[in-house]
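Worksheet: the structure to be examined is printed underneath.
Start at 1 and go down the list; that is how both ligands and their atoms are numbered. For reference, positions follow the sequence shown, starting with 1.
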Amino acid sequence: MNLLENLKWRYATKKFDSSKKVNESDLKKLKEAIQLSASSFGLQLYKVLIIESDQIKEKLKPASWEQTQITEASHIFIFCNYTKVIDKNIDDYINLKSKSLNIGTKDLEGYSDFMKNSIGALSEDMQKVWTAKQTYIAMGNLLTACAELKIDACPMEGFDIEKYNDILALDSKDLSAAVITAVGYRSGEDATANAPKIRKSIDDLFEII
Ligand SMILES: Cc1cc2nc3c(=O)[nH]c(=O)nc-3n(C[C@H](O)[C@H](O)[C@H](O)COP(=O)(O)O)c2cc1C
């Protein structure tokens with residue numbers, strides 16, 4: 001199975017070759033892999049910023065535990081979740097769905113109300129947690145797509161969310177950085193590239209009931 005081979009090939013890259021950049025055509029595929037991610041109700045309550053500006057990467061590095069991936073990788077994907085869910089988010093989705101299925105929005109009213117009521121029942125804090133969770137699914141797809149394209153990546157939570165929100169002016173857009181991924185090509189000097197995978201055994205990880 002090619003997928004498993006690719007997943008064995010990938011690793012959380014510590015040192016990128018800063019001279020190598022991901023090309024536009026591959027970038028387009030990575031964006032599509034994220035776009036196709038599953039999300040709760042299909043609402044996709046997040047936005048993904050792709051940082052290629054060296055200037056912004058330099059600003060983000062001190063807010064990222066000084067991790068060198070931030071300035072050495074080709075692109076930094078910043079998955080930002082919406083901090084509150086408003087009726088408009090649901091109405092936008094209903095409009096998209098009605099256009100795609102060629103049915104009137106009236107026919108989707110029941111579904112729309114169901115979503116509004118279920119999400120509205122969550123506290124604002126829980127809504128934030130819920131929208132942030134969705135970003136991890138998208139990040140998982142990004143990691144898998146990168147592996148398939150033989151592009152290296154490092155998923156990262158080692159950064160200061162508030163500082164990111166400040167640097168990228170996310171608060172005013174009701175967004176918050178949730179998780180990030182450095183994407184590019186491994187440096188020949190990355191000693192961790194050939195490290196064995198540390199994983200629980202299949203027996204430990206699974207239980208059939
Ligand atoms: C949500 C998440 C956050 C992570 N944060 C960091 C990080 O800030 N810096 C880093 O070097 N690696 C980070 N990692 C990489 C993990 O340490 C790595 O995936 C794990 O040790 C398994 O190794 P592998 O991905 O190389 O197979 C993170 C991974 C995940 C999934």
Side-chain angles (χ1 to χ4, degrees), residues 1-18 20 22 30 33-34 36-40 44-52 56-83 126 128-168 170 175-206:
M1 192 181 182
N2 222 12
L3 173 66
L4 293 182
E5 284 313 309
N6 291 334
L7 292 179
K8 284 176 192 164
W9 173 85
R10 68 146 296 279
Y11 74 108
T13 306
K14 304 293 175 209
K15 190 161 177 50
F16 286 87
D17 179 341
S18 57
K20 293 189 184 156
V22 177
L30 298 180
I34 291 171
L36 290 168
S37 299
S39 65
S40 195
Q44 297 173 288
L45 292 171
Y46 50 82
K47 186 136 198 135
V48 187
L49 307 183
I50 302 177
I51 310 295
E52 45 184 26
I56 298 185
K57 287 178 189 168
E58 285 297 342
K59 278 193 194 164
L60 294 174
K61 190 177 165 210
S64 321
W65 305 354
E66 296 291 347
Q67 296 188 82
T68 54
Q69 293 99 319
I70 301 296
T71 45
E72 290 177 349
S74 168
H75 293 78
I76 311 297
F77 284 62
I78 304 182
F79 294 86
C80 308
N81 59 303
Y82 280 100
T83 49
M126 282 312 291
K128 271 187 224 170
V129 171
W130 179 67
T131 56
K133 281 180 187 173
Q134 315 295 323
T135 66
Y136 283 74
I137 300 169
M139 183 179 76
N141 272 0
L142 172 64
L143 296 178
T144 307
C146 281
E148 178 150 331
L149 294 168
K150 292 285 187 282
I151 293 172
D152 289 294
C154 186
M156 301 170 83
E157 270 178 335
F159 65 97
D160 185 317
I161 291 178
E162 277 175 23
K163 286 186 184 153
Y164 264 55
N165 291 349
D166 208 29
I167 294 166
L168 300 164
L170 295 176
L175 286 168
S176 175
V179 69
I180 66 176
T181 305
V183 171
Y185 295 93
R186 64 186 72 177
S187 154
E189 289 160 23
D190 190 349
T192 62
N194 297 312
K197 288 252 170 263
I198 315 292
R199 291 294 191 274
K200 289 182 181 178
S201 71
I202 295 279
D203 281 350
D204 241 13
L205 199 54
F206 297 93

Could you list the atoms of ligand 1 found under 4.0 angstrom from a heavy atom of G158? 8 (O)
For atom 9 (N) of ligand 1, what is the nearest protein heavy atom, given as residue, atom name and distance? Q67 OE1, 2.7 Å
Could you find the nearest protein heavy atom to atom 6 (C) of ligand 1 and give me its residue, atom name and distance? P155 O, 3.2 Å
Measuring from atom CD1 of I78 to atom OG1 of T135, what distance do you get when rounded to the nearest 0.5 angstrom? 12.0 Å
Can a side-chain donor-acceptor contact be found between Y185 and T13 if the only test is distance below 3.5 angstrom? no
How long is the gap from CG on L60 to CD1 on I51, to the nearest 0.5 Å? 6.0 Å
Between Q67 (side chain) and G158 (backbone), is there a donor-acceptor pair under 3.5 Å? yes
Nearest 0.5 Å please: distance from the OG atom of S176 over to the OH atom of Y82. 12.5 Å
Would W65 count as being in polar contact with ligand 1, using the rule that some N or O on each side must be under 3.5 angstrom apart? no
From E58 atom CD to I70 atom CD1, the distance as rounded to the nearest 0.5 Å: 11.0 Å
Heavy-atom count check: over 12 atoms from other residues, nucleotides or ligands less than 6.0 Å from D204 CG? yes
Would you say ligand 1 has an N or O under 3.5 Å from any N or O of C154? no
Evaluate the 4.0 Å heavy atom contact test for atom 3 (C) of ligand 1: does a protein atom fall under the cut-off? yes
From atom 21 (O) of ligand 1, is the closest protein heavy-atom distance below 4.0 Å? no
Protein contact of atom 25 (O) of ligand 1 - nearest heavy atom, named by residue and atom, plus distance: R10 NH2, 2.7 Å
Compute the shortest N/O to N/O distance between M139 and ligand 1 and return yes if it is under 3.5 Å, no if not. no
Measuring from E66:CD to T71:OG1, what's the distance to the nearest 0.5 Å? 9.0 Å
Of all the atoms in ligand 1, which lie at a distance below 4.0 Å from a heavy atom belonging to Q69? 11 (O)
May I ask you to check whether over 12 heavy atoms, not counting those of K197, lie within 6.0 Å of atom NZ? yes
Strictly inside 4.0 angstrom of atom 27 (O) of ligand 1, do you find any protein heavy atom? yes
Which of the atoms of ligand 1 are close to K197, meaning less than 4.0 Å from one of its heavy atoms? 24 (P), 26 (O), 27 (O)
So which protein heavy atom does atom 5 (N) of ligand 1 come closest to, and at what separation? E157 N, 2.9 Å
I want to know if ligand 1 touches Y11 in the polar sense, i.e. an N/O pair below 3.5 angstrom. no
At under 4.0 Å between heavy atoms, which part of R199 makes contact with ligand 1: side chain, backbone, both or neither? side chain
Checking N81 side chain against K128 main chain: does a donor-acceptor pair fall under 3.5 Å? yes
Can you tell me how far the CZ atom of R186 sits from the NZ atom of K14, to the nearest 0.5 Å? 12.5 Å
Considering only heavy atoms of K14, which atoms of ligand 1 have at least one such atom less than 4.0 Å away? 10 (C), 11 (O), 12 (N)
Got the closest protein heavy atom to atom 16 (C) of ligand 1, with its distance? A12 CB, 4.3 Å
